[in-house]
Amino acid sequence: MTTVTSTIPNHKPTSKLTYPIPLHTSFLLLFLFSLLSLPPSLSKTPPPLPLLPIPSSHQLQWQLSDTALFLHFGPNTFTDSEWGSGRAPPSVFNPSALNAAQWVKIAKDNGFSRVILTAKHHDGFCLWPSDYTNYSVKSSPWRNGGGDVVGELAAAAEREGVQLGIYLSPWDRHESTYGKTLEYNEYYLGQMSELLTRYGVIREVWLDGAKGEGEKDMEYFFDDWFSFIHQLQPQAVIFSDAGPDARWVGDESGTAATTCWSVFNMSAAKIGDTDAKYSQGGDPFGHDWVPAECDVSIRPGWFWHPSEVPKSAVTLLDIYYKSVGRNCLFLLNVPPNSSGLISDEDVKVLQEFNKLRTSIFSNNLAKNSSISASSTRQGIIDYQFDSMNVLEEGIYSYWAPKENRTRWILYLDFQESVTFNVLQIQEPIQMGQRVFRFHLDALNAKGIWKKVINGTTVGYRRLLLFPPVVSDRLRFVVDGSRADPLISYLGIHLDSVSGLNLSGNSTVSYFNGSQVLRQITTNHSRIGSM
């Protein structure tokens, strides 16, 4: 063994102590001493610059929630209508068993972290005792006129740790000042102030430009409203056709475009008159961060009707792929019935939907792979941007390639073949939205990479569903990006539910000697739209 002589000071200057030090230990000590002499810039690499625009803190928290529950409730629930006239007597509102705690528990138990209530719909009836009108719960027989639906929901949400949002319809078919611009804007802000100062923290304020044909002309002072809302509730995201914090996706089917940017130009949109295609896709050249929200009802109508039945859990899963899976938030309306409870059949569908999501996305098969990258941004001892980060859930750690590269690839090598049909990708959106084109390859038995699926934008979350693949070597390739791409999560999953209605035909290709079953489904658009 090679040794090094070391002298240790002693009280006896004539005494010398020697002992052997292994060679590998000597090298380790020399390496550590050399690190101490390195300039700070070589010991840790800073993160890349964000690509503007980027989300605000409240927009970021909003996006992280993925899903929210909408609660349409009011006189329409009891009159079997969608757009109330504003002339129904307050006495029609009389739920026999209203339990806001049930609404909140159902939301929380099934993966929804926010509930949004129609505090006032177009009929002008207020679900809280407003000081500005008698057309409210205080004039109804419910709770002998002493009830407060907003208050009960706010208390239940706070107990369960669920976020609260409110919808206050700008269109009011009951209020006499509607049509008088100054008077009604003052009235509206008075009611908004009540909602934003009485019920704790509000995380979303939902507005729209809905108004029936032939109704009174009315100018809404939206800029005043937005400033006022942010002043009273700085954590609230304001939703409308055109932002400022979240935008309508442009339809009520819950479906976003296959290319969907959170980047947007608010100057190109107008509340009540925005081009649906622009809303669905966003704008890669936009100057504002305004992510999209996809709203859809579990039933055909937005309010509960005794003759209607809910969508199936599989249908909700399909909408999930086309909303959350396309960089949007999924807002699902589940209307309480005339007793004041969410109906049992709706609860059953929500439970099944939650189980489906859990069964698919709780198991990331990519975690069983060895992962590597074409390049990695890092210093000598710095691994903060390593490719392994993409196997950790969340957006605050990520893989970053070296700067100014033209190849951006993540390789996944499995010890044995895996079967999958879902690709999940996330970007760290706090650094901006970057990727605009990507694809996934699998290596075939001849050593040739074959494309499995391709996509465009990623954003907070992208989900792609395709025919099942069985393989042991994959590569994820970013083909186009507005700046050096950053990937925070990569998931490979198996969905054994979607697209299983076979016609009896399939085509077969081979990856590493294994089959790719090109299932022909009855819903061809599910695969074609990807």
Side-chain angles (χ1 to χ4, degrees), residues 64-73 77 95-118 152-153 156-165 252-255 293-325 328-364 393 421-422 424 461 463 465 491 493-501 523 526:
L64 293 177
S65 63
D66 260 349
T67 57
L69 214 62
F70 216 169
L71 301 164
H72 275 63
F73 189 59
T77 307
S96 59
L98 190 147
N99 186 356
Q102 185 234 21
W103 308 350
V104 172
K105 188 176 188 305
I106 288 169
K108 183 178 180 179
D109 289 350
N110 293 288
F112 296 86
S113 59
R114 185 184 311 114
V115 291
I116 302 174
L117 175 67
T118 54
E152 292 186 21
L153 181 61
E158 184 178 17
R159 286 194 302 270
E160 294 291 338
V162 172
Q163 297 176 7
L164 178 64
E252 292 185 344
S253 65
T255 302
E293 183 171 285
C294 296
D295 59 323
V296 66
S297 184
I298 195 171
R299 289 165 173 258
W302 289 93
F303 285 88
W304 177 83
H305 303 282
S307 62
E308 295 181 351
V309 295
K311 296 176 173 64
S312 69
V314 173
T315 298
L316 294 186
L317 180 62
D318 182 60
I319 296 171
Y320 183 83
Y321 278 112
K322 295 173 181 176
S323 55
V324 172
C328 299
L329 187 138
F330 180 20
L331 177 61
L332 178 63
N333 178 65
V334 182
N337 59 32
S338 57
S339 69
L341 298 172
I342 294 177
S343 299
D344 290 343
E345 57 266 35
D346 295 8
V347 175
K348 182 180 179 181
V349 169
L350 292 175
Q351 292 171 340
E352 292 173 352
F353 175 47
N354 186 43
K355 289 178 182 178
L356 287 178
R357 294 197 323 257
T358 302
S359 69
I360 296 166
F361 299 109
S362 63
N363 183 22
N364 182 4
E393 293 186 17
N421 61 350
V422 176
Q424 178 176 188
R461 194 185 307 278
L463 301 172
L465 177 66
H493 310 279
L494 179 62
D495 177 350
S496 59
V497 177
S498 300
L500 296 183
N501 296 320
N523 183 5
R526 175 179 286 119

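- Salt bridge status for Glu308 with Arg299: absent, with no side-chain N to carboxylate O gap under 4.0 Å.
- The backbone N or O of Thr315 sits less than 3.5 Å from a side-chain atom of Ser312, completing a donor-acceptor pair.
- In this structure, Lys311 contributes its side chain and Ser297 its backbone to a donor-acceptor pair below 3.5 Å.
- Atom CD1 of Ile116 sits about 9.0 Å away from atom CG of Leu69, to the nearest 0.5 Å.
- Using a 4.5 Å heavy-atom threshold, the side chains of Leu350 and Leu332 count as touching.
- You'll find the side chain of Arg159 stays beyond 4.5 Å of the side chain of Val104, heavy atoms only.
- The two residues Trp103 and Gly340 make their nearest non-hydrogen contact at NE1-O, 3.0 Å.
- Note: Leu153 CG to Leu117 CG = 5.5 Å, rounded to the nearest 0.5 Å.
- Between the side chain of Gln424 and the backbone N or O of Arg461, no donor-acceptor pair lies under 3.5 Å.
- Counting heavy atoms from C-beta outward, Asn337 and Asp346 have side chains that stay 4.5 Å or more apart.
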Exercise for the section: Please assess Phe70 against Thr118 for the test side chain to side chain contact (heavy atoms under 4.5 Å, CB included), listing each intermediate value before the final yes or no. Expected result: CA-CA 8 Å; Phe70 216 169; Thr118 54; 4.3 Å; yes
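- Residues satisfying the side-chain hydrogen bond (donor to acceptor under 3.5 Å, both in side chains) test with Glu252, not counting sequence neighbours, are Trp302.
- At a threshold of 4.5 Å between non-hydrogen side-chain atoms, the residues Ile360 and Tyr320 do not count as touching.
- Rounding to the nearest 0.5 Å places SG of Cys294 at 11.5 Å from NZ of Lys322.
- Within 6.0 Å of atom CD in Glu158, 12 or fewer heavy atoms from other residues, nucleotides or ligands are found, so the atom counts as exposed in its surroundings.
- Summarising the geometry of Asp495 relative to Tyr321, their closest heavy-atom pair is OD2-OH, 2.7 Å, with the distance given to 0.1 Å.
- Judged by distance alone, the side chain of Ser362 and the main-chain N or O of Thr358 form a donor-acceptor pair under 3.5 Å.
- Using modelled atom types, one side-chain atom of Arg357 and one backbone atom of Asn110 make a donor-acceptor pair closer than 3.5 Å.
- Of all heavy-atom pairs spanning Leu356 and Val314, the tightest one is CD1-N, 4.2 Å.
- Between atom CD of residue Gln351 and atom CD1 of residue Ile106 there is a gap of 8.0 Å, rounded to the nearest 0.5 Å.
- Heavy-atom minimum distance, Ser323 versus Gly254: CB-O, 3.3 Å.
- Across all their heavy atoms, Val162 and Ser113 have their closest contact at CG1-O, 3.6 Å.
- The side-chain heavy atoms of Ser498 and Leu317, taken from C-beta on, include a pair separated by under 4.5 Å.
- Under the 4.5 Å side-chain criterion, counting only non-hydrogen atoms from C-beta, Val324 is in contact with Thr67.
- How far OG of Ser96 is from CG of Leu341: 7.5 Å, rounded to the nearest 0.5 Å.
- Residue Pro335 comes nearest to Ile298 through the heavy atom pair CD-CG2, 4.0 Å, listed as atom of the first residue, atom of the second, then distance.
- Taking the side chain as every heavy atom from C-beta outward, Asn333 and Asp295 never approach each other to under 4.5 Å.
- Between the side chain of His493 and the backbone N or O of Asn363, at least one donor-acceptor pair lies under 3.5 Å.
- Between Phe73 and Leu98 there is a side-chain heavy-atom pair separated by less than 4.5 Å.
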